[in-house]
Structures are given as structure tokens and as C-alpha cells.
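Structure record follows, encoded as C-alpha cells.
Lettering of chains follows the sequences in order, A, B, ..., and the numbering in each one begins at 1. For the numbers below, each heavy atom of this structure counts, side chains included, while hydrogens, waters and symmetry mates do not.
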Amino acid sequence: MNKLFSFIKKRYLIIVPILLLIFVAQIERYSELTSSGTFGAALRLSIPICLAGVGAIYSERCGIVNIGLEGMMVMGTWFGAWAGWFYGPWYGLLAGLLGGALFGLIHAIGTITFQVDHIVSGVAINILAAGVARFLSVVAYADVPAGGATQSPRVDERIDKISIPYLSGGKINQSETADVFRSLEELDLFLISDLFGLLGGLTRNISYFSILAVLLVPISFWILWSTNFGLQLRSVGEYPVGSESVGVNVYLMKYIGVTISGAFAGLAGAYLVIESAGIYREGQTGGRGFIGLAAMIFGNWKPLGTFLGSSLFGYADSLQLRSEESVHGLLIIIVSVLFIVGIRSMINKNLRTGLISLIFSGLFLFWFLNSSTIPNEFVFFTPHITTLIVLSFASQRLRMPKFIGRAYKKGELT
Amino acid sequence: MKIRIRILSILAPIIALFTAVLICSAILNFIDRDPVETFRSMFEYGTSGKSIVSIINRSVPLYISAVAVAVGFKMGLFNIGVEGQYLLGALLAAAFGSYFALPPAFHILFILFVASLSSGLWAGIAGYLKVKKGIHEVISTIMLNYIGTGIIAYLLAQVFFEKDENDSLKVPQTNYLPESGQIPPLNNLLGIEDLPNLHGFVIGAIFIGIFYYWLIWKTSLGYDLRATGSNPIAAKFSGADPAKMVILAMLISGAIAGMVGMSGLTGYYHRYTIDFTSGLGFVGIGVALLGRNHPIGMALGAILISFLERSSQILDLKDVPKEIERIMQGIIILFVVIGYEIVRRYVLTSQIKEASKEVLNE
């Protein structure tokens, strides 16, 4: 019991909002907050962010900042759509991966061989990728009626989806089975239906692409933390001179890391096209590459944390897509978190922070009580503002790779 | 030595331009178009009188946008959010500027002030988040871009909208600026009445360029900025407070970004609509990289990019995809960045060599 109490005391900033979320979700008009549909959409929306974030780990762990993720993701969407439309979805997946990897390689050449500032090179990659995507569309879809300069024809075929038999209504030998999770969700019991909403959403109608993407998280963890290759790759981002001295090929490791990161971003782009939209559209990535980077920072440069971070953003995104009413319910959670922070700061004699938090808490409460919906235009940036809020709580206790963002030249540093 | 560095620095963009032309020629060849004919017609169209005016008009906001980015670059701060900053500033300036009329010069100054202030404060949020919360400015400025877009859409639809004739529908645009808030074109002054309008804000851009030069190279604040950019630790010990520097640089960068939309607002649109020119912030980053944060270099970069954008318009008539210009832009920027880095490395090693030679001779 004592242990539980100290756990709650330590993590109350996470536990209290989750409990509040469940409470708020009991109200009829906010019920979408914890429905299986929302969680299912959240999973689908968080996967591209997660893929980009895990890709960023490969690059940042070997010391290269990768702002070019967004551009590599754009390449993934373009090649994913083109090959998906031409050959089929699995080829689209592969083409997206290769397209992203190609731009990852360009970033590697720029930052490793020519030692350009990483962010400058990344920005240049993003500009180039946007141009290349536009040009390729014009050339490739010139005679295709459904395509054009800013969009591709529809990718008709989809990658197969499965559900778990008996638990979430999957099929065995072509015959339907029971959907236990759905029945439990529909019981409308406090906590139970919310929990099974979550489980149902995560197990119903999941495509093989999603399964592959989620599996890449533990696989990446295993590669980076349990293999010799991973150790070498991470050492290069921490102390390259030391790695060099024990015979690690620093340049090669960095090249591999950045190219893999591009491949992940390309995969994320392909996912957006093949699983979510079914079509390539200009500007489709909508900053998800950057949000992936934010998810990685939130996850402290580790795969599992990145996955959690991206699911948070995916959840915010799915709410804004599925139910604008529910986003209104989130206001009460902001109010309460600000209130807790304010009180805690007051107790810690940090009067200014406390006062500001309490005032904002009051303002949000006022807004919550005096409105029934949040304007459309605000709902649109829910994931982006979530990114900022989450990072401002998380940023202080993070540790990034030591040698990140710096140029390494053999024999120059001692 | 110094002259050699100058020549090398100028050589880098020229080589980048040639490489871009070469690569694009190869691409054009690949899709069965004649590269020589393509570039010839681009050059011909881009150097006609009408095009030159349009190129200058386009380079004005691009240049200002590049200067805004460069203020951050000079101290190693990446303000990727110029896009959102200038759009928000332009909207607020258009909205407040259209409420009343003032004497002409004052009215224009008021509009510019509102734009600068709002863009500067918006950028300041990113500075605050970096200093107080440790969020990297690239992430925060990009997120602020999206948030800004949403806020603009909201303000335009719900707050600053215009009623249509029947007073029933809300049209998402601000009222027109009164005459006193408009900057007249320069055509009469220069005696080029037969050409399209040359926006008067060209003068503003020149002024901003001079201000930038003065600020970065002639003031102690500029010295601190540059010092923080090249060696943060040394700068800290020389008395520059890094936290203060970050917030100041962000505020200044944002305030300059506020000027980006002003040539369009005061010289052409005279109000903010959903068609207001967007995307200038992102291209501005490229121009800053091209011009290597130098006031004249960025001007040349802005003119080059505008020239490419304008001259590629003719390609539609020649059955060549005009998007080839987008690729050219990307390649030029990528190669120029690499070129500058090579030059920098070369200069550094030759300086070390020369210094050690002198030491040995003594």
C-alpha cells in the first residue's frame, strides 16, 4: 500500500489526467474520448509519427540531427503512392522505404562527408524533396486523368486487415467469431468499458502494415541496445574518437544510421498513403516528420518512449478527426493539470509560476463553462499544441546523445 | 588572403548554379525535352522589362524573409517559423490598419508597427520556450506555424470578417486599408509608366537590409549575437547572457518577419484575404542559406530565386513542366550549402598553415 501511495505521489501528473479523462468520458457527449473507434484511429494516426520518431532515433543516436525527416517522409508518400498505384500496396511500401532512404543518404552525404550543419542540410533536404515530389507528379501523372501536379491517382488495393478471433471478432476459416471486447465496451460500466474500448481499438481491423510498424519498435530497441552493431552505432553518437580507437568505422556507422532513419521516414510516408489516405496529396505529411522528432525527444531518444509519445499525438489527432465535441472535454483536463501545477508551485513557494498557472486554469475553466464546442480552426491544431505542452513538461529531465549535432572529422578531435 | 576568401565564397554559388543547370539538363533530356532551348527561352522571358519588375516585386518579401531568418542564423538559432509569424502579423496589421485613417506617413508606420509587434511577440514564444522549457526552436517554431495557421483561420472567419452586400454571410477577409495606409508604386518616380507597378516597399526592403547590417556588424548587441553563434561558451564568459540573447534574437527576427507581408499588404492587396501570398517564410530560409546571411548576398539570392520562379512561367507554353524550376531551387540550395562548407574548411586549414609558417619563421 505504501508503495502504491508513493507511486501515485511520483506520477500524479500522469495519473490524475488519465483518471479525469475516464471520468469526463462518462458524460454522454464526451463518450468518444475513450471509445474503441477513437483508439483505433489513434493507433493508425500515431504509427506514421512513431515510425518517423523511431527513424530519428537511428540518426540522432549516431550523432546526426535529422530535420530532413519531413522531406524524407514526403518522398515516402510520393513513391508509396506511385508504386502502390502501379504495382500494388506492398510494392508501395517498399518504394516508399527506398525513396526515404535515398534522401536519407543525401542527408548523410551532406552532413558526414561534407560536414554541413545538420539543420541547414535538413532544411535544404526539405526544400529539395518538396520540389522533387511536385516535379515527379507532373511528369508521372501527365496522362493520368485522376492524377495531377499535386495528387496521385487512388491506390485501390489495400493491405489485408485482421482482428483477433473471439476477442475482437476476427474470422476463423471464413466464419465470424464473437467480439467479446465490443460486448464489454458496450456495457457502459465505469473503467471497464473504457478499458475494453482501448483493447478493442487496438486489436480490431488492424492491417499487416500496422503490425509490422508496431513490431519495428521492439525490433529497433533490440537492434540498438542488444546487438554489437547497435552498441557501435550509439557509441559513435556519444564519443566518436573513442569508437574510432577501438576500430569502429565511424563514418560508415553514421551513414548507416542516417540512411536507416530515412528509410523509416519513407515507410511512415508510405503508411500515410496506403493505410490512411489511399492517395498522395501535396502537403499530406502536415509536419508529422517534425512531430515524430518531438515524440522522439519526449521519449528520451528511446524506442518505447517514442512510441508512447507518438500515441499521445496520435490520440490528440484522432480526437480532432473523429469528434470535435470530445476535444471540448479535454479542456477540463487542461484546467485540472494547470490547477495541480499551480497549487504545487504555491506550496514550493514559487509564487509567480503558481499564480500564472492558477490564472490560466481559471481562464480555461471560464472558457469550458461558457462554450459547448471548440472552434473548428482550433481543433485542427490539437496535435501541434499538444506537442508544445507535452515537451514543455518533459524537456528538462532528458538526456540527448553527447556528440549530437557536431561535425566529426577523423583525426581532428582529440 | 582576404581577397582569395571573397573569390572562393562567390565561386561556391556560381558552381552550385552550374551544377543545378547540368543536373536539370540531364533530367530534361531524360524526359525528351531540349535543355538548351528550355534555358534559352527562360532567360529571354526572364529578362524582359515586365519580368524584371515582377522579379523585383517578388524579391522584396523574399529578401526580408531571408533577413529575418538570418538574424537567428547569426547566433545559431533556427527560426523556421517566419511563415506563421508574417502571416499573423499581416492579418493583425490589416485588421487594425483598416479601422481608422491617420495622416499617410503615420498610418503606414502604424501598420508596420502592428505587424512587427505581433510577429515579434509570436516569435518570442519560441524564444521563451527554448530558454525556460528547453524546447528546441526548430520544433517549437514549426508547431507555432500550424497553430498560427489555425488562429489566423479563426480570426478571419469569426472576428475580422467582412459582411457581404446583404449583410448576411461572413466573408473571411478584412476591410480595405484606407488610402492613407497604402504605399503607392514607384513607376512615376522612375519614369517607367508603361511597365507593371513596381511596389513602393522596395525602399523598405533596402532600409531593412541596411538596418540588418548595422545591427549585426556595428552594434555591441550584434557582436554578442555573432559571438554566441560562433562560440557560445566564450561568449558567455565575455558577458553575453545566452538566455537573454535567445529571446532578443527571436524577438528581432520575428519583428523583421512581420515586414515580409507588408509589401503585399500596403502595395498590392490592401487587405488580408485567404489568397494572401503564403510560403514566403520557407523560401526565405533557402534565400538566407544562398546568401550566407550577408545583406548583399541575400539580395542576390532573392533575385535569383525570383528570377527562376518568374522565368519558369514561360515553360508552360513550351510544353516543358515548369516544376523543373522547383528542383533547380532545391539543388542550388543543397549544393551551395555544401560549397560554402568546403570553402570554409579550406580557408580554415590554409589559415592554420599560414599561421604556423609565420610562427616557424620567427
Side-chain angles (χ1 to χ4, degrees), chain A residues 65 67 70-71 106-107 109-111 113-117 119-139 142 149 286-287 289-291 293-294 297 375-388 391-398 400 407 409, chain B residues 24 27 30-31 69 73 76 78 80 125-126 128-130 132-136 138-158 282-283 285-286 288-289 321-342 344-345:
Chain A
V65 178
I67 292 289
E70 181 79 8
I106 296 177
H107 188 55
I109 294 171
T111 51
T113 302
F114 293 106
Q115 314 196 343
V116 175
D117 183 284
I119 293 182
V120 168
S121 167
V123 168
I125 294 269
N126 289 340
I127 296 173
L128 182 65
V132 169
R134 173 62 87 84
F135 178 77
L136 286 177
S137 297
V138 171
V139 175
F290 300 114
I291 298 183
L293 214 57
I297 295 171
N376 255 343
E377 296 89 350
F378 291 178
V379 172
F380 148 82
F381 59 68
T382 319
H384 306 99
I385 204 151
T386 312
T387 306
L388 285 185
L391 282 186
S392 57
F393 281 113
S395 274
Q396 278 106 1
R397 42 182 184 76
L398 301 175
M400 57 172 85
K409 194 157 190 228
Chain B
C24 289
I27 296 173
F30 186 73
I31 58 168
V69 176
F73 273 169
F78 295 88
I80 312 286
I125 298 176
Y128 171 83
L129 287 175
K130 183 179 174 83
K132 294 282 175 191
K133 302 289 178 188
I135 304 179
H136 198 279
V138 170
I139 305 266
S140 60
T141 49
I142 286 167
M143 295 306 139
L144 284 171
N145 273 347
Y146 288 96
I147 297 170
T149 314
I151 292 179
I152 289 170
Y154 173 77
L155 289 178
L156 213 48
Q158 308 293 343
F282 295 119
V283 188
I285 299 169
L289 294 177
K322 67 168 185 289
E323 281 73 16
I324 189 79
E325 170 264 331
R326 294 282 210 96
I327 292 198
M328 248 178 113
Q329 258 190 46
I331 294 175
I332 290 176
I333 290 165
L334 191 67
F335 275 83
V336 110
V337 162
I338 293 176
Y340 282 142
E341 190 56 37
I342 294 173
R344 199 184 68 82
R345 289 250 148 201

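- Under the 4.5 Å side-chain criterion, counting only non-hydrogen atoms from C-beta, B:F78 is in contact with A:D117.
- For B:I342, the part lying near chain A is the side chain, with the backbone staying farther off; criterion is any non-hydrogen pair under 4.5 Å.
- Looking at B:I80, only its side chain comes within 4.5 Å of chain A, counting heavy atoms on both sides.
- Looking at B:I152, there are no atoms closer than 4.5 Å to chain A (heavy atoms on both sides), in backbone or side chain.
- Considering all non-hydrogen atoms of both residues, A:E377 and B:G150 come closest at CB-O, 3.4 Å.
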>> Could you go through A:I127 and B:F282, starting from their C-alpha distance and side-chain angles, then the distance that decides it, and tell me whether this counts as side-chain contact (heavy atoms from CB on, under 4.5 Å)?
In response: CA-CA 8 Å; A:I127 296 173; B:F282 295 119; over 6 Å; no
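- In terms of heavy-atom pairs under 4.5 Å with chain B, the best-connected choice from A:G110, A:G122, A:G287, A:P383 is A:G287.
- The part of A:I67 that comes within reach of chain B is its side chain, from C-beta onward, which places non-hydrogen atoms under 4.5 angstrom from that chain.
- For the set B:I285, B:I324, B:I31, the entry with the most heavy-atom pairs within less than 4.5 Å of chain A is B:I324.
- For chain B, the nearby parts of A:V132 are the backbone and the side chain; heavy atoms of each come within less than 4.5 Å.
- In this structure, the side chains of A:F381 and B:I151 come closer than 4.5 Å at one or more pairs of heavy atoms.
- Side-chain contact between B:M143 and A:I291 is present, with at least one heavy-atom pair separated by less than 4.5 Å.
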>> Would A:L388 and B:I147 count as a side-chain contact (heavy atoms from CB on, under 4.5 Å) here? Give the steps.
In response: CA-CA 10 Å; A:L388 285 185; B:I147 297 170; 3.8 Å; yes
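- Atom CD1 of B:I139 sits about 11.5 Å away from atom NE2 of A:H384, to the nearest 0.5 Å.
- Taking each heavy atom of B:I327 and A:G131 in turn, the nearest pair found is CG1-O, 3.9 Å.
- Looking at A:V116, the atoms closer than 4.5 Å to chain B (heavy atoms on both sides) sit in the backbone and in the side chain alike.
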>> Is there a side-chain contact (heavy atoms from CB on, under 4.5 Å) between B:L129 and A:L391? Walk through the geometry before answering.
In response: CA-CA 9 Å; B:L129 287 175; A:L391 282 186; over 6 Å; no
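- Residue pairs meeting the salt bridge (charged side-chain N to carboxylate O under 4.0 Å, His left out) criterion with at least one member in residues 331-341 of chain B, sequence neighbours excluded, are B:E341-B:R344, B:E341-B:R345.
- For B:Y146, the parts lying near chain A are the backbone and the side chain together; criterion is any non-hydrogen pair under 4.5 Å.
- Contacts of B:E325 with chain A are absent, with no heavy-atom separation under 4.5 Å from either backbone or side chain.
- Only the side chain of B:I142 comes within less than 4.5 Å of a heavy atom of chain A; its backbone N, CA, C and O stay farther away.
- Only the side chain of B:V138 has a heavy atom closer than 4.5 Å to any heavy atom of chain A.
- Heavy atoms closer than 4.5 Å to chain B are found in the side chain of A:F378, but not in its backbone.
- Residues B:H136 and A:I119 have side chains in contact (heavy-atom distance under 4.5 Å, counting atoms from C-beta outward).
- Expressed to the nearest 0.5 Å, how far CD1 of B:I338 lies from OG1 of A:T113 amounts to 9.0 Å.
- Contacts between A:V120 and chain B at a heavy-atom distance below 4.5 Å involve backbone atoms as well as side-chain atoms.
- Looking at heavy atoms from C-beta onward, B:I27 lies in side-chain contact with A:F135 at the 4.5 angstrom threshold.
- Annotation: the span from B:I135 atom CD1 to A:I297 atom CD1 amounts to 8.5 Å, rounded to 0.5 Å.
- The contact between A:I106 and chain B is made entirely by side chain atoms (from C-beta outward), counting heavy-atom distances below 4.5 Å.
- Rounded to the nearest 0.5 angstrom, B:R326 CZ and A:L128 CG are separated by 11.5 Å.
- Every side-chain contact (heavy atoms from CB on, under 4.5 Å) that A:E70 has, sequence neighbours left out, goes to A:N126, A:T285, A:F290.
- For a residue to count as touching a neighbouring chain, one of its non-hydrogen atoms must lie under 4.5 Å from one of that chain's; by this rule B:I331 touches chain A with backbone and side chain alike.
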